[in-house]
Amino acid sequence: MDKFTRNYVEKIMSGVIARNPGESEFHQAVREVVESVASYITAYPHLMDLKIMERMVEPERVIIFRVPWMDDRGEIQINRGFRVQMNSAIGPYKGGIRFHSSVNLSIMKFLAFEQTFKNALTTLPMGGAKGGSDFNPRGKSDAEVMRFCQSFMTELQRHIGQDTDVPAGDIGVGGREIGYLFGQYKRLRDEFTGTLTGKGLAWGGSLLRPEATGYGLCYFALQMLSTKGESFKDKTVLVSGAGNVAQYAAKKAVSLGAKVVTLSDSDGFIHDPEGLDEEKLAYVFELKNIRRGRIKEYAEKFPGATYYPGERPWRIPCDIALPCATQNEIEKADAENLVKGGCMCVAEGANMPSTPEAIAIFLEHKLLYSPGKASNAGGVATSGLEMSQNSIRQKWTAEEVDAHLRRIMSDIHAACLKYGTQEDGYVNYVKGANIAGFIKVAGAMVDQGLV
Ligand code: NDP
Ligand code: 2IT
């Protein structure tokens, strides 16, 4: 990077840090994108004159609201709700809702910022947004979750709509929560529209939306592996998380011939050296989705597996790592362990699971490494397909949706190769994804004038 471009990066970053003090996750996400696209921007000075990057880092709208609700004991609880509408240059705002005790404005902004570029990569017309609450669903009854969702939607409904902003799930928000949110939206607005995605199959949902992020991740990783003549066959795979993305990533990896040996949650991880099979996967689906249990129960059920409390999976030797839990779950020492353990490919299912120091290790050792905004885009892409089906009031078959998903993941991979292939042939997927996403959004912003 030349001096002029380096100065440009630091000028943008000092502005972002001054205007968003203490929001470290947001700073981290912005820096990664700005460092990737700065050389492109300084080569096209009109993008500097139009202050495209300065506009991209300022959300179009941020909504913060009180969410009061009553728990099962009759005690009043107050949570904070968020919706960050980051960028609508290429379509209505689109992005998930996260319910987790760690949710704050920094996390909402980083996710909405990432979403903007991810959605651009999907080839579909969707802007970027994210929402959520510091509500912790763990240990709550169905009735408490329902009352919380109804209160959350009572405020959110005035800011969303099928042509305005279309939320979906994320951590802590799955089919149950989308159901309660949709029911309240429909009641308040008296309209049955595709304003939320991830809906149930009987009421507007798309086949394969639950599977889409994990399946799409494996389709993308397969494309990465095939650049080296490799596949999932007989590979040892580490998966982190045990939720929606992790479950379907593990399922697809197993069906492609891999041996998946770990899963995790925020309390620890399980290592099953024999690998998950159909029976074990079915147990995990029942444990997590029906009983809402903890992953340590896996090791009680299958004695060949060991539970490691308070640890992450990354020190287990592997060929492929699929982080599918949360942001910054792979730190520098974890990345070093992965390299030491023989890992050749890290494909992110979660959003920003690797710290900048970890990414530097992957790039230095020339691993196949893809950022979440490229490799986990299958989820939001299939949300886009759900919106299409809602608009034309039709329902596609699983085969049709899967064919779209495969094509989209392959197009995203091609875009990464186009903008990320270095002179020595190494593909920097971070750079590729960021530049490809940026070009689309920036072009639309230029066309639409100063708005
Ligand atoms: P789920 O709520 O279904 O599962 C989340 C999993 O991650 C759980 O096992 C959870 O464990 C674990 N986890 C959450 N927070 C932490 C934490 N702070 N530290 C360690 N583990 C944690 O969420 P999803 O599977 O939907 O989401 C997982 C990741 O994928 C997130 O980064 C999300 O943003 C991303 N993503 C999701 C998409 C989707 O379609 N759902 C699409 C694209 C990306 P515990 O039960 O202990 O909290
Ligand atoms: O991070 C993500 O892409 C999601 N949580 C899915 C968003 C969506 O609108 O389907």
Side-chain angles (χ1 to χ4, degrees), residues 25 91-103 107-108 110-119 121-122 124 126-132 136-139 160 165-178 194-199 205-206 208-217 239-250 263-270 284-285 287-289 292-296 310-313 322-330 348-354 371-387:
E25 293 87 358
Y93 305 111
K94 180 85 194 86
I97 293 179
R98 176 177 292 191
F99 291 166
H100 193 267
S101 49
S102 63
V103 163
I107 289 178
M108 294 286 99
F110 115 66
L111 288 164
F113 188 74
E114 291 280 289
Q115 199 81 45
T116 301
F117 300 93
K118 181 196 306 192
N119 292 3
L121 288 169
T122 64
L124 302 175
M126 299 182 289
K130 203 80 183 194
N136 176 9
R138 210 203 275 195
I160 62 175
D165 184 354
V166 181
D170 193 78
I171 290 176
V173 177
R176 173 182 62 170
E177 291 75 17
I178 294 293
T195 299
L196 291 147
T197 59
K199 299 186 290 300
S206 174
L208 283 192
R209 175 62 188 90
E211 293 87 345
T213 311
Y215 281 16
L217 171 65
V239 175
S240 66
N244 171 269
V245 181
Q247 290 169 22
Y248 286 105
L263 289 170
S264 71
D265 60 26
S266 49
D267 298 332
F269 81 94
I270 56 106
V284 172
F285 277 70
L287 170 72
K288 296 305 296 180
N289 306 346
R292 298 182 189 273
R294 308 300 299 162
I295 203 62
K296 74 166 185 218
E311 288 193 64
R312 298 165 178 164
L322 304 176
C324 297
T326 193
Q327 64 275 356
N328 294 330
E329 57 167 317
I330 302 183
E348 296 184 344
N351 286 307
M352 206 168 78
S354 308
K373 64 169 77 75
S375 43
N376 75 31
V380 73
T382 307
S383 280
L385 302 175
E386 183 171 328
M387 290 165 72

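Every number for a ligand or one of its atoms is a count from 1 in the order of the listing.
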task = Any atoms of ligand 1 less than 4.0 Å from a non-hydrogen atom of Ala242? List them with their elements.
result = 9 (O)
message = I'd like to know if Lys199 pairs up with Glu386 as an ion pair, taking the criterion as any Lys NZ or Arg NE/NH1/NH2 lying under 4.0 Å from an Asp or Glu carboxylate oxygen.
response = yes
ask   = In Å and rounded to the nearest 0.5 Å, what is the CE to CG distance from Met126 to Asp165?
value = 12.5 Å
message = Looking only at distances, can you tell me whether any N or O atom of Asp265, backbone or side chain, sits closer than 3.5 Å to an N or O atom of ligand 1?
response = no
query = Does the N or O separation between Gly172 and ligand 1 drop below 3.5 Å for any pair?
reply = yes
inquiry  = Do the side chains of Lys296 and Asp267 get close enough for a salt bridge, i.e. N-O under 4.0 angstrom?
reply    = no
inquiry  = Less than 4.5 Å apart, side chain to side chain, heavy atoms only: is that true for Asn289 and Gln247?
reply    = yes
key: Distance-only N or O hit between ligand 1 and Ser266, under 3.5 Å   = yes
ask   = Any nitrogen or oxygen of Arg209, main chain or side chain, under 3.5 Å from a nitrogen or oxygen of ligand 1?
value = yes
ask   = Would you find a donor on one side and an acceptor on the other, under 3.5 Å apart, between the side chain of Glu177 and the backbone of Gly174?
value = yes
ask   = Which of the numbered atoms in ligand 1 are below 4.0 angstrom from a heavy atom of Arg138?
value = 47 (O)
ask   = Where on Thr382 is there a heavy atom closer than 4.0 Å to ligand 2, on the side chain, on the backbone, on both, or on neither?
value = neither
query = Closest non-hydrogen protein atom to atom 41 (N) of ligand 1, residue and atom name please, with distance?
reply = Asn244 OD1, 3.7 Å
query = Which atoms of ligand 1 have any heavy atom of Arg98 under 4.0 Å away?
reply = 31 (C), 32 (O), 33 (C), 34 (O)
remark   = Any heavy atom of Gln115 under 4.0 Å from ligand 2? The part involved is side chain
ask   = What's the shortest distance from atom 18 (N) of ligand 1 to any protein heavy atom, and which residue and atom give it?
value = Thr326 CG2, 3.7 Å
Donor-acceptor contact present, side-chain Lys288 to main-chain Gly293, <3.5 Å = yes
query = Of the protein's non-hydrogen atoms, which lies at the shortest distance from atom 13 (N) of ligand 1, and what is that distance?
reply = Ala325 CB, 4.2 Å
query = With atoms numbered from 1 as shown, which atoms in ligand 1 lie under 4.0 angstrom from a non-hydrogen atom of Ser264?
reply = 9 (O)
Sub-4.0 Å atoms of ligand 2 with respect to non-hydrogen atoms of Lys118 = 1 (O), 2 (C), 3 (O)
note = Ranked by distance from atom 33 (C) of ligand 1, the top protein heavy atom is Asp170 OD1, 3.2 Å
key: Heteroatom proximity flag, Leu111 to ligand 1, N/O under 3.5 Å   = no
key: Minimum-distance protein heavy atom relative to atom 37 (C) of ligand 1   = Val245 CG2, 3.5 Å
ask   = Numbering the atoms of ligand 1 from 1, which are under 4.0 Å from a heavy atom of Gly349?
value = 30 (O), 35 (C), 36 (N), 44 (C)
request  = Look only at the side chain of Arg209 and the backbone of Gly379, and say whether a donor-acceptor pair between them is shorter than 3.5 Å.
outcome  = yes
remark   = atom 9 (O) of ligand 2 sits nearest the protein heavy atom Lys94 NZ, 2.6 Å
task = Looking only at distances, please establish whether an N/O atom of ligand 2 is found under 3.5 Å from an N/O atom of Asn376.
result = no
key: Shortest protein contact, atom 6 (C) of ligand 2 (heavy atom only)   = Arg209 NH2, 3.6 Å
key: Nearest-contact summary for atom 32 (O) of ligand 1 - protein heavy atom, Å   = Asn351 N, 3.2 Å
query = Between Arg294 and ligand 1, does any nitrogen or oxygen pair lie at a separation below 3.5 Å?
reply = yes
Asn376 side chain to Ala350 backbone, donor-acceptor under 3.5 Å = yes
query = Which heavy atom of the protein is the closest neighbour of atom 7 (C) of ligand 2, given with residue, atom name and distance?
reply = Gly96 N, 3.5 Å
query = Got an N/O contact under 3.5 Å between Asp267 and ligand 1?
reply = no
request  = Could you check atom 23 (O) of ligand 1 against the protein and tell me its nearest heavy-atom contact, residue, atom and distance included?
outcome  = Ile171 CA, 3.4 Å
ask   = What atoms of ligand 2 come within less than 4.0 Å of a heavy atom belonging to Gly169?
value = 4 (C), 5 (N), 6 (C)
task = Would you check whether Gly169 has a nitrogen or oxygen atom less than 3.5 angstrom from a nitrogen or oxygen atom of ligand 1?
result = no
Sub-3.5 Å N/O-N/O distance, Ala168 and ligand 2 = no
request  = Spell out, as yes or no, whether a donor-acceptor pair under 3.5 Å connects the side chain of Ser264 to the backbone of Gly241.
outcome  = yes
key: Heavy atom of the protein closest to atom 39 (C) of ligand 1 (residue, atom name, distance)   = Thr213 OG1, 3.5 Å
ask   = Purely on distance, is any nitrogen or oxygen of Lys130 under 3.5 Å from one on ligand 1?
value = no
inquiry  = Out of all atoms in ligand 2, which are within 4.0 Å of some heavy atom of Lys130? Include the element for each.
reply    = 1 (O), 2 (C), 4 (C), 5 (N)
request  = Report the part of Cys324 in contact with ligand 1, treating N, CA, C, O as backbone and CB onward as side chain, heavy atoms under 4.0 Å; options are side chain, backbone, both, neither.
outcome  = backbone
ask   = What atoms of ligand 2 come within less than 4.0 Å of a heavy atom belonging to Ser383?
value = 8 (C), 9 (O), 10 (O)
